[in-house]
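Below is one structure, written out as structure tokens, with a few remarks after it.
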Amino acid sequence: MSLIEIRDLHASVGDTEILKGISLTINRGEVHAIMGPNGSGKSTLSYVLAGRDGYEVTGGDILLDGVSILEMEADERARAGMFLAFQYPVELPGVGGMSFLRGAVNARRREEGEDEIDHLEFVKMVRGKAGELGIKDEMLKRAVNVGFSGGEKKRYEILQLALLEPAFAILDETDSGLDVDALRIVSEGVNALRSDAIGMLVITHYQRLLDHIVPDFVHILADGKILKSGDKNLALEVEKSGYSNFTDAA
Amino acid sequence: MSATVETIRQVEEATGKYKYGFVTDIEVDKAPKGLSEDTVRLISAKKNEPEWMLEWRLKAYRHWLTMEEPDWAKLNYPPIDYQDIYYYAAPKQADGPKSLDEVDPELLRTYEKLGIPLREQEMLAGVAVDAVFDSVSVATTFREKLFEAGVIFCPISEAIQDYPELVKEYIGSVVPQGDNYFAALNSAVFTDGSFVYIPKGVRCPMELSTYFRINEQNTGQFERTLIIADEESYVSYLEGCTAPQRDENQLHAAVVELVTMHDAEIKYSTVQNWYPGDENGKGGIYNFVTKRGACRGDRSKISWTQVETGSAITWKYPSCILQGADSVGEFYSVAVTNNAQQADTGTKMIHIGPRTRSTIIAKGIAAGKSDSTYRGLVRMMPGAEGGRNFTQCDSLLVGNKCGAHTVPYIVSRNPSARIEHEATTSRISEDQLFYCLQRGMTQEDAVSLIVNGFCKEVMKELPMEFAVEAQKLIGISLEGSVG
Ligand SMILES: Nc1ncnc2c1ncn2[C@@H]1O[C@H](COP(=O)(O)OP(=O)(O)O)[C@@H](O)[C@H]1O
Ligand SMILES: [Mg+2]
């Protein structure tokens with residue numbers, strides 16, 4: 001059974017239809033990339049998948065492991081194994097990083113009927129994974145995303161991805177705001193998580209990221225529709241001739 | 001002769017004008033409704049108080065008669081009928097529940113959420129203490145340790161008997177009988193409260209808590225507390241507890257007086273969680289509190305930290321009178337209102353001595369259709385050379401039917417004094433909520449996390465074990481406020 005099946009998905013914000021019929025199937029072990037110009041609906045797709053309030057599904061369906069999740073709230077979807085690395089991670093003033101991370105991990109453990117994680121064990125685990133992503137201890141002590149640079153915020157998202165071990169991960173423009181070194185470190189972090197247990201949807205504006213996180217499939221999104229799907233070579237094509245080739249053809 | 005009859009005889013002797021109609025009522029250990037000189041005399045007699053204390057109460061009562069209930073606060077409530085209130089009922093011993101099985105399951109669920117241990121749950125729920133809780137030994141070890149240090153910590157009714165000179169000198173010296181309407185009322189009819197004296201040079205070996213003052217009950221309505229820190233002493237005092245406190249008395253009017261001598265420090269922390277009433281505020285407590293500290297000595301310090309989540313109406317301005325040179329006043333406050341709750345709370349910092357400093361950090365969180373007002377006064381007197389104040393007031397709105405207001409009064413009579421005031425109002429953003437939900441947290445956990453982040457600067461002032469419970473409490477108070 002497929003991990004994620006998106007069937008002719010239509011979604012609106014207010015009165016504006018933004019997703020205009022998207023179909024996409026992602027299996028465990030696969031990495032799909034979505035590329036598209038600004039405003040094409042990439043972030044909207046990620047929000048709709050994650051169940052954000054205010055994003056109304058007006059048609060179609062989303063199945064997780066064969067079961068429709070349209071009726072599930074955002075937090076239920078998250079606990080069911082969905083993860084979204086935000087394009088613009090949100091600042092939570094005063095909320096300590098460790099307690100936030102622990103809250104997230106424990107929410108999932110509770111769902112699975114496990115005990116809350118041991119405090120010391122958790123700190124050790126976070127430090128270990130943070131180290132691999134080049135996140136300094138000092139950053140973990142700060143309030144969530146407050147005063148982080150753009151690159152730090154993105155690394156922090158990937159740290160959460162690593163800690164939560166979801167079945168399905170969406171990465172929304174994780175590459176934006178990263179310099180070359182950071183891009184390499186973050187990509188290595190993501191690649192280390194690739195396995196048969198996880199499916200990924202990597203959203204990006206630029207082909208550059210896909211040199212590091214090599215996708216199995218690439219889809220071009222424009223004006224709320226998938227115009228073309230292919231393998232990693234499709235990304236190179238975009239890189240060479242731009243999006244207009246596809247959008248004009250449509 | 002039974003104790004009751006003995007009391008009547010004493011009352012008659014003491015007053016010579018005891019009304020006969022009282023007698024039958026006294027036998028049921030409850031004075032009739034209403035307030036009169038007789039009520040005041042009865043309370044004083046019941047407590048076997050010396051003449052001077054009775055006179056003190058009567059003076060307060062007579063003053064109260066000339067006063068009018070204040071109406072300047074941003075609070076709406078039906079008029080209080082002061083003649084429709086019981087002012088004296090003997091402490092109840094054994095008519096509480098016999099075990100937790102008899103306690104309101106709603107209450108138990110909240111205890112559970114707060115992570116309060118079973119034995120403490122029993123105590124809080126008012127389960128007849130001697131039946132289940134080995135309170136005597138706890139209280140005894142506690143008292144012995146304090147006694148060794150020379151610290152006096154006892155009910156104020158006991159202090160009036162055992163340390164009359166101390167009480168006489170200090171009671172009403174910070175909050176005079178006629179200070180305000182509710183303080184005058186309290187002075188006339190206060191039932192009990194805490195008395196603390198820390199001798200010179202002593203650092204109190206433990207945090208003092210009303211929680212451990214378990215040998216009396218039923219003092220919540222008109223509680224009176226007096227804490228004196230002699231030179232170079234230190235005490236941290238905790239009032240209240242995070243578990244919801246129910247009380248059949250709707251009107252509460254407490255008075256707290258603090259005094260610090262040279263180089264002394266009092267840290268006073270409160271968690272107030274009186275019953276807020278149903279979602280329309282029905283049945284909730286009206287809490288009119290006068291709390292004030294006098295930094296009499298040079299370099300002395302008084303620090304108020306409060307987490308206010310309960311009561312239908314809160315009227316409360318813990319204040320500092322900074323008399324001593326270089327003395328320091330602090331006020332850290334979190335006030336959470338939900339449903340129909342109304343809170344008008346803040347502080348007064350009165351700078352009298354030179355180089356006195358004060359800090360005010362007030363965080364108001366309003367949800368539901370509640371209303372939260374910060375009201376603060378900073379006054380620099382002519383002698384407050386080089387005085388400094390920093391005030392920060394932040395309001396957080398949850399939903400759009402609630403209100404938050406900031407009413408700062410600033411008066412400076414000394415040109416060298418510096419006063420800074422910052423204020424913000426914000427809302428929990430939908431972005432923040434979604435971010436937390438996406439990490440698997442429930443709506444309630446997310447709100448609690450964000451709100452606790454907002455209150456962080458205040459929460460870190462609370463003693464450790466209090467802070468953990470207070471954090472959970474804030475979450476619980478806001479339950480159902482979003483979505
Ligand atoms: N909350 C919103 N309200 C109204 N329009 C929105 C909202 N969010 C996105 N849009 C519109 O939807 C389109 C797609 O936006 P988005 O999904 O953010 O694109 P991308 O991530 O591909 O840059 C844009 O035209 C944008 O203006
Ligand atoms: Mg986007």
Side-chain angles (χ1 to χ4, degrees), chain A residues 43 46-47 49-55 72-112 116 142-146 153 156-157 159-161 163-166 169-170 172, chain B residues 112-113 115 307 332 334 336 361-365 392 394-396 398-400 422 424-462 464 467-468 470-472 474-475 478 482-483:
Chain A
S43 292
S46 71
Y47 292 150
L49 290 174
R52 183 168 188 160
D53 270 355
Y55 291 73
M72 287 165 77
E73 296 293 336
D75 58 321
E76 297 173 280
R77 295 187 196 189
R79 292 195 297 273
M82 265 206 182
F83 180 89
L84 168 61
F86 284 60
Q87 179 175 4
Y88 303 108
V90 182
E91 297 187 4
L92 302 176
V95 177
M98 276 297 182
S99 52
F100 177 76
L101 297 174
R102 200 166 43 241
V105 168
N106 281 333
R108 190 145 322 181
R109 288 175 74 110
R110 268 200 298 277
E111 182 85 3
E112 269 144 39
E116 297 208 341
R142 281 195 260 160
V144 176
N145 289 321
V146 176
K153 284 182 181 168
Y156 204 64
E157 294 293 290
L159 171 63
Q160 295 175 56
L161 170 62
L163 287 170
L164 292 172
E165 300 179 337
I170 308 163
D172 191 0
Chain B
E112 199 89 358
K113 284 185 190 159
V307 175
Y332 299 99
V334 170
V336 182
I361 310 277
K363 305 275 182 179
I365 297 119
Q392 188 185 322
D394 299 317
S395 307
L396 185 69
V398 184
N400 48 21
E422 288 176 12
T424 66
T425 300
S426 53
R427 248 167 231 289
I428 293 192
S429 79
E430 201 271 323
D431 279 350
Q432 291 175 324
L433 268 181
F434 177 60
Y435 192 63
C436 295
L437 293 180
Q438 210 301 306
R439 297 309 185 240
M441 297 172 205
T442 61
Q443 183 102 287
E444 279 167 3
D445 286 348
V447 170
S448 170
L449 191 79
I450 294 166
V451 170
N452 274 299
F454 171 77
C455 304
K456 177 91 165 275
E457 290 155 281
V458 173
M459 302 302 268
K460 72 178 174 26
E461 296 296 326
L462 284 175
M464 219 7 214
V468 176
Q471 267 186 29
K472 291 188 203 155
I474 287 176
L478 289 169
V482 183

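Computed from heavy atoms alone, side chains included, the values below leave out hydrogens, waters and symmetry copies. A note on names: the letters A, B, ... follow the listed sequences, proteins ahead of strands, and every chain is numbered from 1. Since this is a predicted model, take the numbers as computed values, not measurements.
Taking A:F86 as the reference, B:F434, B:Y435 meet the ring pair (Phe, Tyr, Trp, His ring centres under 6.0 Å) condition, with sequence neighbours excluded.
Both the backbone and the side chain of A:F100 come within less than 4.5 Å of a heavy atom of chain B. In this structure, chain B has a heavy atom under 4.5 Å from the backbone of A:E91, while its side chain stays farther away. In this structure, chain A has a heavy atom under 4.5 Å from the side chain of B:D445, while its backbone stays farther away. For A:V105, no part lies near chain B; criterion is any non-hydrogen pair under 4.5 Å. Contacts between A:N145 and chain B at a heavy-atom distance below 4.5 Å involve the side chain alone, from C-beta outward. Proximity to chain B (any heavy atom under 4.5 Å) is restricted, for A:R110, to the side chain, taken from C-beta onward. For B:E430, the parts lying near chain A are the backbone and the side chain together; criterion is any non-hydrogen pair under 4.5 Å. For A:A143, no part sits under 4.5 Å from any heavy atom of chain B, backbone or side chain.
The distance from atom CZ of A:R52 to atom CG of B:L437, rounded to the nearest 0.5 Å, is 10.0 Å. The structure places CD of B:Q438 at 6.5 Å from CZ of A:F83, a figure rounded to the nearest 0.5 Å. Residue B:Q443 holds its CD atom at 7.5 Å from CG of A:D75, rounded to the nearest 0.5 Å. Considering CG of A:L84 and CZ of B:R439, their distance stands at 6.5 Å, rounded to 0.5 Å.
A pairwise comparison of heavy atoms in A:A78 and B:G440 identifies CB-N, 3.5 Å as the closest pair. Nearest heavy-atom pair, A:G94 versus B:K456, reported as atom, atom and distance to 0.1 Å: O-NZ, 3.2 Å.
Interface summary for chain A: among B:L449, B:N452, B:I450, the most heavy-atom pairs under 4.5 angstrom belong to B:L449. Interface remark: of the candidates A:V90, A:L92, A:L164, A:V90 forms the most heavy-atom pairs closer than 4.5 Å to chain B.
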